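Have a look at the structure below before the remarks.
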Amino acid sequence: MSPGDITRLTQSITEKDRQALLRLRSEKIGKMELCAVDSTSRSAYGSSLADIRWGHNKENIALAQTNEVVVYTLSNHMPIYYMSFPGNIPDSRTMGVIQSDLRCAGFMNYVMITDRGYGTVQILEDNILHGQPAIMCMKTGHKFISDKIDSLGDFNVRPDGMEIDLDSKLYYKQYDIDYKVHGNGKSEKAASKMRLNLFFNPSWRSEGQINIDMKVEGQRSCLQKMLEGKEEAPDDETLKKDFCMFDVKLDKKRHVISFEKNEKKYNDSLRLLGFVAIVTLGLDLTAPQALAHYKLRDEQEKYFQQMKTEMCSDRQRNWSEDGKTGRLFILFVGLVIGSYIRHIWKTTGLHSMFASSLDMLDEMRNIRCIERQGHTTKITPFVGKQVEIAKAFGLDIPAGCEPGYKSKKVGRKRGRPKKNES
């Protein structure tokens, strides 16, 4: 296709086409299907698109970006939903829009799994109000979580009352949580089967304490140099950020007079070390089961890598809003096809025959369809591993391309010939 044809094609795809595609995808998921959501940044050199903004670039590149969100199933890792957001919007602020859009597209009776980037009280309460089953990894600093950690008391190696999970090698404890939120007007709605699953790893706690102690010592060393050298301290905001573990006193010339470690802040930092919290809503799961389901979402990084490498979509390469809508549509369709190919490769005997799904595709590249005007179309033969690939995908090999050959020779009929035959 010429560049002009590509532009006309991408600009002809509208939001109506996107909604129609999402409705078709909603028909592909089963009841209570495990689904996960995550986002990635796509850097851009230009600034003509409205969504290109400076934000947290996940590739650590000094470029403005857009944030692309994908929802996918965890049973076969198939993408079912996509949306683009401005690059300066954090993940936690996008979840309400995503779930509203999912409901409009017909997605019902699914379980949403989210990481800590989406683990806010606002999202938790929105899930409760809409009766949305969920598995949420949340920060341990939330009060209803930190209160449970405090109730475990002081301990040396592990808290009393926690059990060990043999598979993950983590200590765990599950709590039933009574949580009510205000609905419309004066109504209240209680959370259905809300459970807090606390996990603890002593090695995480030890490593975290070492990092905090190194941070404290580094800040102390810098403040001591400023005190001895009578250096001017930075502005208040920078001082509070860079020396957060100390209370610093300054004179009128902003010279450091004295500093003292903030013991309360230091102890609060140590208090939650080593703990991970996963909250489940509307589900009958044990703590190890909740953790096993949550771990399934690790596969999504491979699909973002596939999108940015194999599909060459690591940058925004369009300059109009209409073109962006169409290109995202085509990219999502390509991601669905690529994910399906990877799923078949991974779940069949092809996994032992090829090192990757790309190697499998390379095996099929030399098959040609030969078309000549006025002549029958010819397809080159399928040989060797190509036959196994076709079988794995349930494809019928075109007539005449399969290995082997069955003779078409007309044989002589057996038995006594008829009287009228010579």
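Note: hydrogens, waters and symmetry copies are ignored here, and every other heavy atom, side chains too, is used. These numbers were taken from a predicted model, which means no experiment stands behind them.
When all heavy atoms of Pro79 and Leu335 are compared, the closest pair comes out as CG-CG, 3.8 Å. In plain terms, the two heavy atoms of Gln386 and Pro381 that are nearest each other are OE1-O, 3.8 Å. For the pair Met136 and Gly119, the tightest heavy-atom approach, listed with the atom from each and the gap, is CE-CA, 4.1 Å. Here the shortest heavy-atom pairing between Ile123 and Tyr118 reads CD1-O, 2.9 Å. The shortest non-hydrogen separation linking Asp91 to Ser39 is OD1-OG, 2.7 Å. Smallest separation of non-hydrogen atoms from Thr120 and Ser92: CG2-CB, 3.5 Å.
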Do any side-chain atoms of residues 272-293 form donor-acceptor pairs under 3.5 angstrom with protein atoms, and if so which ones, sequence neighbours left out?
{"residue": "Asp284", "atom": "OD1", "partner": "Arg195", "partner atom": "NH2", "Å": "3.4"}
{"residue": "Asp284", "atom": "OD2", "partner": "Lys193", "partner atom": "NZ", "Å": "3.0"}
{"residue": "Thr286", "atom": "OG1", "partner": "Gln289", "partner atom": "N", "Å": "3.3"}
{"residue": "Thr286", "atom": "OG1", "partner": "Gln289", "partner atom": "OE1", "Å": "3.4"}
{"residue": "Gln289", "atom": "OE1", "partner": "Thr286", "partner atom": "N", "Å": "3.0"}

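Between Phe200 and Tyr171, the ring planes lie tilted relative to each other; the angle falls in the 30° to 60° range. In this pair, Trp345 and His351 present their aromatic rings tilted. The plane angle is within the 30 to 60° band. Using cut-offs of 30° and 60° on the angle between ring planes, the pair Tyr110 and Phe107 is perpendicular.
Taking 4.5 Å as the limit, some side-chain heavy atom of Arg205 sits within range of a side-chain heavy atom of Phe155. With a 4.5 Å cut-off on side-chain heavy atoms, Lys28 and Arg25 count as touching. Side-chain atoms of Glu33 and Ser75, non-hydrogen and from C-beta on, do get closer than 4.5 Å to each other. You'll find the side chain of Asp359 reaches within 4.5 Å of the side chain of Asp362, heavy atoms only. Counting heavy atoms from C-beta outward, Asn197 and Tyr172 have side chains that stay 4.5 Å or more apart. Side-chain atoms of Cys244 and Gln219, non-hydrogen and from C-beta on, do get closer than 4.5 Å to each other.
Between Lys265 and Asp268, no side-chain nitrogen of the basic residue sits less than 4.0 Å from a carboxylate oxygen of the acidic one, so the salt-bridge criterion is not met. A salt bridge is defined here as a Lys NZ or Arg NE, NH1 or NH2 lying under 4.0 Å from an Asp or Glu carboxylate O, and Glu237 with Lys240 fails to meet this definition. Residues Lys143 and Asp150 are not paired through a salt bridge, judged by the lack of any N-O separation under 4.0 Å between the basic side chain and the carboxylate.
When each of Arg297, Met112, Met83 is tested with Val37 by the rule side-chain contact (heavy atoms from CB on, under 4.5 Å), just one qualifies, namely Met112. Tested against Glu402 for a side-chain contact (heavy atoms from CB on, under 4.5 Å), the candidates Ile397, Asp396, Val387 yield a single pass: Ile397.
With hydrogens and angles disregarded, a donor-acceptor distance shorter than 3.5 Å links the side chain of Glu321 to the backbone of Ala50. Looking only at distances, no side-chain donor or acceptor of Ser221 sits under 3.5 Å from a matching main-chain atom of Glu217. With hydrogens and angles disregarded, no donor-acceptor distance shorter than 3.5 Å links the side chain of Glu388 to the backbone of Leu350.
Partners of Ser187 under the side chain to side chain donor-acceptor pair (under 3.5 Å) rule, at least two apart in sequence or in another chain, do not exist in this structure.
A distance of 11.0 Å separates OG1 of Thr66 from CZ of Arg315, quoted to the nearest 0.5 Å. Atom OG1 of Thr380 sits about 6.5 Å away from atom CD1 of Ile370, to the nearest 0.5 Å. Between atom CG of residue Asp167 and atom NZ of residue Lys169 there is a gap of 10.0 Å, rounded to the nearest 0.5 Å.
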Determine, stepwise, if the pair Asp235 / Lys241 fulfils salt bridge (Lys or Arg N to Asp or Glu O under 4.0 Å).
CA-CA 10 Å; Asp235 60 86; Lys241 178 182 177 183; over 6 Å; no
Test side-chain hydrogen bond (donor to acceptor under 3.5 Å, both in side chains) applied to Ser84 and Glu68, step by step:
CA-CA 5 Å; Ser84 181; Glu68 314 298 344; 3.2 Å; yes
For a side-chain contact (heavy atoms from CB on, under 4.5 Å) check, start with the C-alpha distance between Lys295 and Ser168, then their side-chain angles and the critical distance, and finish with the verdict.
CA-CA 10 Å; Lys295 283 184 174 181; Ser168 64; 3.8 Å; yes
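Within the cation-pi definition used here (under 6.0 Å to the ring centroid, within 45° of the axis), Arg18 qualifies as a partner of Tyr82.
The number of heavy-atom neighbours closer than 6.0 Å to CZ of Arg158, taken from other residues, nucleotides and ligands shown, is above 12.
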